[in-house]
Peer 1: 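Once you've had a glance at the structure underneath, I'll fire off some questions.
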Number of protein chains: 2
Amino acid sequence: MNSFTEENYLKAIYKLSLNGVQGVSTNAIADKLATKPSSVTDMIKKLADKKLVSYQKYQGVNLTKKGSDVAVSIIRNHRLWEVFLVEKLNFKWDEVHDLAEELEHINTHKLTERLDEFLGFPKFDPHGDPIPDKDGNIIQHKDVTLSDLIRGEKAVVVGVKEHSKSYLNYLEQLQLVLGAEVEVKDIVEFDATMQILVNNKQVIISNQASKNLIVKKI
Amino acid sequence: MNSFTEENYLKAIYKLSLNGVQGVSTNAIADKLATKPSSVTDMIKKLADKKLVSYQKYQGVNLTKKGSDVAVSIIRNHRLWEVFLVEKLNFKWDEVHDLAEELEHINTHKLTERLDEFLGFPKFDPHGDPIPDKDGNIIQHKDVTLSDLIRGEKAVVVGVKEHSKSYLNYLEQLQLVLGAEVEVKDIVEFDATMQILVNNKQVIISNQASKNLIVKKI
DNA sequence: AATAAAATTTAGATTAATCTAAAAATATAA
DNA sequence: TTATATTTTTAGATTAATCTAAATTTTATT
């Protein structure tokens, strides 16, 4: 079995690998986990001993198949619990991350599968992130963001790239929730600030905000 | 915040105090937690520093109000999660203990209260143990066991004093589940083995088994 | 290619939880 | 009540995860 800490490292490395990076850097991991590079080096050695990552000094790490499987299963758990918290316990989408961070480590095959079934085999979590299926397959929706649209285009909100409470809370105030329809009315050339229509209401949104909102054109 | 380990110590001390014991012994705690007395002494000192227990060398420990509150809230969590696992995820009563041992430590007020509400404010867990309410009040049903009955008496199964998988599994095979009606047909004088009627079926049950089954006379 | 800057690793400490073995205190029994 | 047994505590080590500070390697820049 792996400790919570080991699991968090594997998850961090997995997520940092998604950008197609070959060899995740020690500093990047330290940043993501809010720890020190020297601590990361120590842990990487341990994970390498357990064949969960492949590692050569100064060259960064990559997950092995085994390590990747563990990471995906934790992500599966995390996202299923988020669905549970929002759909069954009526939490809001900006409240569930920290709780799911704890629940995800109760990593028992049977519990996960029963939960999945109880929830009706959801495909996405409350933030639009895809939930890996029981075999670890995961649908990656391609990241078209609101900031990619041009004037006159319409789209539906399908996810977020940033999960902070403040961002999610802000989006909710603007009614920019999953499924909302948006239409680009105008874009400021200077800083890409957008004027958009959400539920017939005019909204002004910064580039910082629009580039973190994943949409699907319609 | 308290670590998982600290919480497990508090829970163990709480349970060992239920028999009206003043000053829970180091050895009893070590036994319950499958650890060594020297480890227990170390941890007790730490808990005493945090004002969670009162302690004098060689005299055993007692929970303070603060320590007792923590213990009760963990027990509340544990039992609520057990209800969830059995009623919502269709686990059997002999499968839920270990999972609940992990879930109980995600000790967030809001989560517990939402779960309680979702489950319909249950009063008892799947083994018949009372669930403390949100203020920590707990109904203690007085422990009449099957072994206390005499020939001819009838009763309903309301709980168990022993939670091992093997015991629970055995009871289920005999249909001695919560709510089952039993009638004492005969008792062997030598070793208190009982012949009882469960759902019109004759069952022979040892004293070891009957004294761990909590019943209510009817 | 030499040097400066940045990233990474090593060395050595620290903290929490545990252990074994030995010492001290308490309880029990002749 | 003295000796013996049991319980509890202390002393000193160990393991996992972390840290700081120093050393090393890689990368970037002149």
Peer 1: Between D:dA16 atom C1' and A:Asn2 atom CG, what is the distance in whole Å?
Peer 2: 14 Å
Peer 1: Which pairs count as ring-ring contact (aromatic ring centres under 6.0 Å, His included) when at least one residue sits in residues 26-81 of chain B, sequence neighbours excluded?
Peer 2: A:Trp81-B:Trp81, B:His78-B:His97, B:Trp81-B:Phe84
Peer 1: Would you be so kind as to tabulate the donor-acceptor pairs closer than 3.5 Å made by side chains of residues 67-77 of chain B, with sequence neighbours excluded?
Peer 2:
residue: B:Asp69; atom: OD1; partner: B:Lys65; partner atom: NZ; Å: 3.1
residue: B:Asp69; atom: OD2; partner: B:Lys65; partner atom: NZ; Å: 2.9
residue: B:Ser73; atom: OG; partner: B:Val70; partner atom: O; Å: 3.4
residue: B:Ser73; atom: OG; partner: B:Asn107; partner atom: OD1; Å: 3.4
residue: B:Ser73; atom: OG; partner: B:Asn107; partner atom: ND2; Å: 3.3
residue: B:Arg76; atom: NH1; partner: B:Asp116; partner atom: OD2; Å: 3.4
residue: B:Arg76; atom: NH1; partner: B:Pro132; partner atom: O; Å: 2.9
residue: B:Arg76; atom: NH2; partner: B:Glu113; partner atom: OE1; Å: 2.6
residue: B:Arg76; atom: NH2; partner: B:Glu113; partner atom: OE2; Å: 3.3
residue: B:Arg76; atom: NH2; partner: B:Asp116; partner atom: OD2; Å: 3.1
residue: B:Asn77; atom: OD1; partner: B:Thr112; partner atom: OG1; Å: 2.8
residue: B:Asn77; atom: ND2; partner: B:Glu104; partner atom: O; Å: 3.2
residue: B:Asn77; atom: ND2; partner: B:Asn107; partner atom: OD1; Å: 2.7

Peer 1: Could you walk me through whether A:Leu111 and A:Ile106 pass side chain to side chain contact (heavy atoms under 4.5 Å, CB included), step by step?
Peer 2: CA-CA 8 Å; A:Leu111 174 58; A:Ile106 300 171; 3.8 Å; yes
Peer 1: For B:Glu95, what residues pass the side-chain hydrogen bond (donor to acceptor under 3.5 Å, both in side chains) criterion, not counting sequence neighbours?
Peer 2: A:Lys110
Peer 1: Determine whether more than 12 heavy atoms belonging to other residues, nucleotides or ligands lie under 6.0 Å from atom CD of A:Gln208.
Peer 2: no
Peer 1: Mind calculating the distance between CD1 (B:Ile44) and P (C:dA16) to the nearest angstrom?
Peer 2: 18 Å
Peer 1: Starting at CG of B:Asp49 and ending at P of C:dA16, how long is that distance when rounded to a whole Å?
Peer 2: 11 Å
Peer 1: Sorted by first residue and then second, give each salt bridge (Lys or Arg N to Asp or Glu O under 4.0 Å) pair with at least one member in residues 124-135 of chain A; sequence neighbours left out.
Peer 2: A:Arg79-A:Asp125
Peer 1: Taking salt bridge (charged side-chain N to carboxylate O under 4.0 Å, His left out) as the test, write out the residues that go with A:Asp143, two or more places apart.
Peer 2: A:Lys161
Peer 1: Only pairs under 3.5 Å count here: list side-chain donor-acceptor contacts from residues 23-44 of chain B, not counting sequence neighbours, and write none if there are none.
Peer 2:
residue: B:Ser25; atom: OG; partner: B:Ala28; partner atom: N; Å: 3.1
residue: B:Thr41; atom: OG1; partner: B:Pro37; partner atom: O; Å: 3.2

Peer 1: Taking side-chain hydrogen bond (donor to acceptor under 3.5 Å, both in side chains) as the definition, give me every residue that meets it alongside A:Arg151, ordered by chain and number, with sequence neighbours left out.
Peer 2: A:Asp186
Peer 1: Where along residues 24-32 of chain B does a heavy atom fall under 4.0 Å from DNA chain D?
Peer 2: B:Ser25, B:Thr26, B:Asn27
Peer 1: B:Gln59 or A:Phe4: which one's nearest nucleotide on DNA chain D is closer to the 5' end?
Peer 2: B:Gln59
Peer 1: When you check every protein heavy atom under 4.0 Å of nucleotides 18-23 of chain C, what one-letter string (B, S, -) results, 5' to 3'?
Peer 2: BBBB--
Peer 1: In chain order, what residues pass the side-chain hydrogen bond (donor to acceptor under 3.5 Å, both in side chains) check against B:Asp191, with sequence neighbours excluded?
Peer 2: B:Thr193
Peer 1: Just jot down the ring pair (Phe, Tyr, Trp, His ring centres under 6.0 Å) partners of B:Phe4, sequence neighbours excluded, or say none.
Peer 2: B:His105
Peer 1: Would one find a side-chain N or O of B:Lys57 under 4.0 angstrom from OP1 or OP2 of C:dT26?
Peer 2: no
Peer 1: Kindly state which residues belonging to residues 100-108 of chain A come within less than 4.0 angstrom of DNA chain C, counting heavy atoms of the residue only, listed by number.
Peer 2: none
